[in-house]
S.K.: 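Attaching a single structure in C-alpha cells format; questions to follow.
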Amino acid sequence: MSFTTIKSALTGKPGIGSEITVKGWVRTRRDSKAGFSFINVHDGSCFDAIQVVAPGELPNYADEVQKLTTGCAVECTGTLVESGGRGQKYEIQGTEVKVIGWVEDPETYPIQPKRHTFEFLREVAHLRPRTNTFGAITRVRHAAAQAIHRYFSERGYYWINTPIITSSDAEGAGDMFRVSTLDLANLPRNEKGDVDYSRDFFGKETFLTVSGQLNVEGYCLALSNVYTFGPTFRAENSNTSRHLAEFWMVEPEIAFADLEHLADVAEEFLKYIFAAVLEECPDDMAFFEQRIEPQAINRLRSFIEKDFVRLNYEEAIEILKQADVSFEYPAEWGLDLQTEHERYLTENHFNAPVVVMNYPTEIKAFYMRLSDDERTVAALDVLAPGIGEIIGGSQREERLDILERRMDELDLDKEHYQWYLDLRRYGTVPHAGFGLGFERLVNYITGMTNIRDVIPYPRVPGKADF
RNA sequence: UCCCCAGUAGCUCAGCUGGUUAGAGCGGGUGACUGUUAAUCACUAGGUCCGCGGUUCGAGUCCGUGCUGGGGAGCCA
C-alpha cells in the first residue's frame with residue numbers, strides 16, 4: 001500500500017535501483033510502436049512530473065497503456081533509474097502500470113498539454129489545479145500561509161479565530177452579506193412594518209465579517225501580540241482583478257505599539273514571507289519567472305533587500321503635485337490617493353515599496369488614532385510596485401473620550417460598540433495593527449495578474465460556481 | 001456601478017472594405033516512425049460563427065438589443 005511521492009522519487013532519495021510505486025495523473029504520453037511508451041505522471045508533490053518508461057511487454061500495454069490520455073489516474077511500479085533522456089535526472093523503468101481512473105471522453109477533457117487562457121480555466125476551476133500554473137500557485141499559496149503563521153508564532157503572537165458571523169454593523173470597511181434563516185418569501189414584520197429580526201436565528205441582524213480587527217483588539221489587550229488569519233467577506237459590487245467577495249485576510253494587532261513600530265513589523269513581515277517562498281518553492285518560482293512574469297524572482301529579491309520608503313501623506317501629496325505627469329484625478333491635501341497616484345509613487349518616483357503615513361482624518365475610519373492637531377490620524381498604507389495597496393493599518397484610538405467623540409461625529413451607533421469602548425475603559429493601552437489581503441500577496445509573489453486565479457474557487461459579483 | 005474591448009471546432013486563434021462549399025495549430029481517432037520531452041509525419045472525424053431582432057438580392061462580417069467573458073475606474077485588502 002505504501003508508495004513514493006514524485007517529489008521524493010525525483011530527488012533520487014529511494015536510491016538508484018530500488019523498486020518504487022508512484023500514483024498520480026498522466027500529463028502526457030509519447031509512445032513508440034517499436035517497443036515502449038513514455039508516460040509523464042504528476043501528483044502535485046512538486047512542480048515536475050516523473051517519466052515512467054512503460055515497456056511493450058506489459059500485459060496491458062496494447063489494451064490500456066497505449067490508450068492513456070492526459071488526466072488519467074495511474075499507479076506505476078518499477079525501478080528508479082538514471083534517465084537516459086534529457087530534462088530529468090531520474091525516471092522509472094516500469095514493471096507495472098495500473099489504470100486507476102480513465103478519462104471518460106479524452107476529446108472533451110478540458111485540460112490539455114498546451115497553454116490555456118486563464119479565463120477558460122476559471123470555468124473549470126475544479127480541474128485547473130492539474131495544470132502546471134495552478135499546481136505552482138497552490139504550493140506557493142501554502143508556503144506563504146505557513147510562513148505567515150511561522151512569522152507570528154516565532155515572535156510570540158497568538159492566532160485568534162475571530163467570528164465569521166458578526167452582529168456589528170458596518171464600521172466603514174464595506175457592504176456586508178446578510179446572514180439569516182428567515183423565510184425570504186414570508187418575512188416576519190413588526191408593528192411598524194419593518195422586518196422583525198428578533199425572530200431571526202440570532203435574534204438580531206447578523207452578517208458575514210468584513211474584518212476581524214475589532215474582535216481581535218479585545219484579545220490584543222490581554223495577550224499583547226495577536227493576529228487573525230481567515231476568510232473575510234465584502235458585498236461590494238467590485239469588478240476588478242484585485243477584488244474578491246470572499247478573500248483571506250491577515251490582521252496582526254500589537255499592544256504597546258505606535259505607528260512607527262507597526263511600519264517596522266509590516267516591512268519585516270513581508271520580507272520574511274517573500275524570503276520563505278523563494279527558499280521553499282524554487283521550482284515553482286522558476287516557472288513563474290519563465291512563463292508568467294519575467295521579474296517574478298528579481299522583484300522579490302529586491303523587495304527583500306531594499307528599505308521601504310516611509311513618508312507622510314502630506315509629503316506624498318507634495319511629490320504628486322510636482323510630478324511631471326498629468327493625473328486624471330487631482331492630488332490635493334484632503335483627497336484620498338488614487339490608484340494612479342499610488343502607482344506613480346511606488347513605480348516611478350521611488351521604484352520601491354512605499355509606506356504612506358498619517359492621512360487626513362476625514363478620509364479614514366473612526367478607530368484610527370487622532371493626532372494632536374486633529375488634522376490627521378495615525379494610519380498607514382504599504383504600496384508595492386505592481387499591485388498598489390497591499391497593507392492598510394493604523395494605530396488605534398485608545399482614548400475613550402476621543403473615540404466617543406469621533407463616533408458621534410461619524411454618527412455611529414455607540415450602543416453597538418459598547419464592548420469595543422469597554423476596551424478603552426478597562427486598562428486601555430496604545431496599540432496598532434494592519435490588514436493584509438492574502439490573495440493580493442499571492443498575486444504579487446506569483447506575478448499572476450488576476451486575483452481570481454490565486455484563490456481556489458473565486459467568489460465575485462454574479463459568480464459563485466463550484 | 002461607470003467607461004472600453006471581445007464572443008468562430010473540445011482548446012488557442014485566422015477569416016480584408018458584406019459575396020459561392022468558414023480555415024489553421026493543438027487536442028481526439030487511424031496508421032507510420034522514433035530514448036521521447038507540449039516528439040515528428042500522413043490521413044481522418046469534428047461547426048446552431050453566443051441568443052434574439054433588423055438592414056440587404058445576400059450577414060461570421062453592418063446596426064440594435066440581451067447574455068457571457070475580459071481590461072480599466074470607483075470602493076478597498
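Computed from a prediction, not measured in an experiment: that's the story for all the values here. In the text below, chain A, chain B and the rest are named by the order of the sequence lines, each starting its count at 1.
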S.K.: Could you work out which one of B:G27, B:G70, B:G71 sits closest to the side chain of A:R452?
M.R.: B:G70
S.K.: How far does OG1 of A:T346 sit from CG of A:D381, to the nearest 0.5 angstrom?
M.R.: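 Going from OG1 on A:T346 over to CG on A:D381, the span is 12.0 Å.
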S.K.: Between A:Y444 and A:F274, does the ring centre distance come in under 6.0 Å?
M.R.: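 They qualify: ring centres under 6.0 Å apart.
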S.K.: Which nucleotide, B:G35, B:G27, B:G25, lies nearest any side-chain atom of A:F38?
M.R.: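 Looking only at side-chain atoms, A:F38 lies closest to B:G35.
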S.K.: Go nucleotide by nucleotide along RNA chain B from the 5' end; which of A:R115 and A:D105 gets its closest nucleotide reached first?
M.R.: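 The residue mapped nearer the 5' terminus is A:D105.
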S.K.: Nearest to the A:N239 side chain among B:U36, B:U1, B:G74, which nucleotide is it?
M.R.: B:U1
S.K.: Under 4.0 Å between a side-chain N or O of A:T28 and OP1 or OP2 of B:A39?
M.R.: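 Affirmative; the distance criterion is met.
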S.K.: Taking the nucleotide of RNA chain B with the closest heavy atom to each, which residue, A:P110 or A:R29, is nearer the 5' end?
M.R.: A:P110
S.K.: Sub-3.5 Å donor-acceptor pair from the side chain of A:E340 to the main-chain atoms of A:Y329, do we have one?
M.R.: yes
S.K.: In this structure, is the centre-to-centre distance between the rings of A:Y219 and A:Y158 below 6.0 Å?
M.R.: no
S.K.: Check this one for me: any side-chain N or O of A:K463 less than 4.0 Å away from OP1 or OP2 of B:G69?
M.R.: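 For B:G69, OP1/OP2 do have a side-chain N/O of A:K463 under 4.0 Å.
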S.K.: Look at the side-chain N and O atoms of A:R122 and state whether any lies under 4.0 Å from the OP1 or OP2 oxygen of B:G70.
M.R.: yes
S.K.: With a cut-off of less than 4.0 Å, is there a side-chain N or O of A:T240 near OP1 or OP2 of B:G74?
M.R.: no
S.K.: What contact category does A:E342 fall into here, base, sugar-phosphate, or nothing, at under 4.0 angstrom with non-hydrogen atoms?
M.R.: nothing
S.K.: So, is A:Q338 near the phosphate of B:G74, with a side-chain N or O under 4.0 Å from OP1 or OP2?
M.R.: yes
S.K.: The side chain of A:K114 is closest to which nucleotide in this list: B:G28, B:C26, B:G74?
M.R.: B:C26
S.K.: Distance to the ring centre below 6.0 angstrom and angle to the axis at most 45 degrees; does that hold for A:R452 and A:F118?
M.R.: no
S.K.: Measuring from the side chain of A:H243 (C-beta onward, heavy atoms only), which nucleotide among B:C76, B:C11, B:G35 has the closest atom?
M.R.: B:C76
S.K.: Please tell me whether A:R291 and A:N132 have a donor and an acceptor in their side chains that are separated by less than 3.5 angstrom.
M.R.: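 Note: A:R291 and A:N132 side chains miss the donor-acceptor criterion.
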S.K.: From the set B:U36, B:G28, B:G74, return the single nucleotide nearest to any side-chain atom of A:S238.
M.R.: B:G74
S.K.: From C-beta outward on A:Q88, which listed nucleotide comes closest to its side chain: B:A38, B:U36, B:A73?
M.R.: B:U36
S.K.: Checking all strands, does A:I390 fall into the base, sugar-phosphate, or nothing category for heavy-atom contacts under 4.0 angstrom?
M.R.: sugar-phosphate
S.K.: What is the nucleic acid contact for A:E251, judged by heavy atoms within less than 4.0 Å: base, sugar-phosphate only, or nothing?
M.R.: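 No contact.
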S.K.: Mind checking if A:E119 touches a base, just sugar-phosphate, or nothing, with heavy atoms under 4.0 Å?
M.R.: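 Since only primed, P, OP1 and OP2 atoms lie under 4.0 Å of A:E119, the category is sugar-phosphate.
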S.K.: Look through every strand shown and name the nucleotide pairing with B:A73 as Watson-Crick or G-U wobble, where both distances are under 3.5 Å.
M.R.: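 B:A73 is paired with B:U1.
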S.K.: Would you say A:R30 reaches B:U36's phosphate, i.e. side-chain N/O to OP1/OP2 under 4.0 Å?
M.R.: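 Answer is no, no contact under 4.0 Å.
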S.K.: Is B:C43 paired to anything, Watson-Crick or G-U wobble with both distances less than 3.5 Å, and if yes, which nucleotide?
M.R.: B:G29
S.K.: Checking contacts here: which listed nucleotide (B:U36, B:C75, B:C26) is nearest the side-chain heavy atoms of A:S83?
M.R.: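 The answer is B:U36.
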S.K.: Is A:R242 near enough to B:A73 that one of its side-chain N or O atoms lies under 4.0 angstrom from OP1 or OP2?
M.R.: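 Yes, such a contact exists.
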S.K.: Which nucleotide, in any strand shown, forms a Watson-Crick or G-U wobble pair with B:A59, with both distances under 3.5 Å?
M.R.: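 Pairing partner, where one exists within any strand: none, as none qualifies.
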S.K.: Report which part of the nucleic acid A:Q51 touches: base, sugar-phosphate, or nothing (heavy-atom distance under 4.0 Å, all strands).
M.R.: base
S.K.: Of the nucleotides B:U1, B:G10, B:C11, which has the atom closest to the A:N237 side chain?
M.R.: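 From the listed options, B:U1 comes nearest.
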S.K.: Over all strands shown, is A:Y329 touching base, sugar-phosphate only, or nothing at heavy-atom distances under 4.0 angstrom?
M.R.: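 Counting heavy atoms under 4.0 Å across all strands, the contact made by A:Y329 is with sugar-phosphate only.
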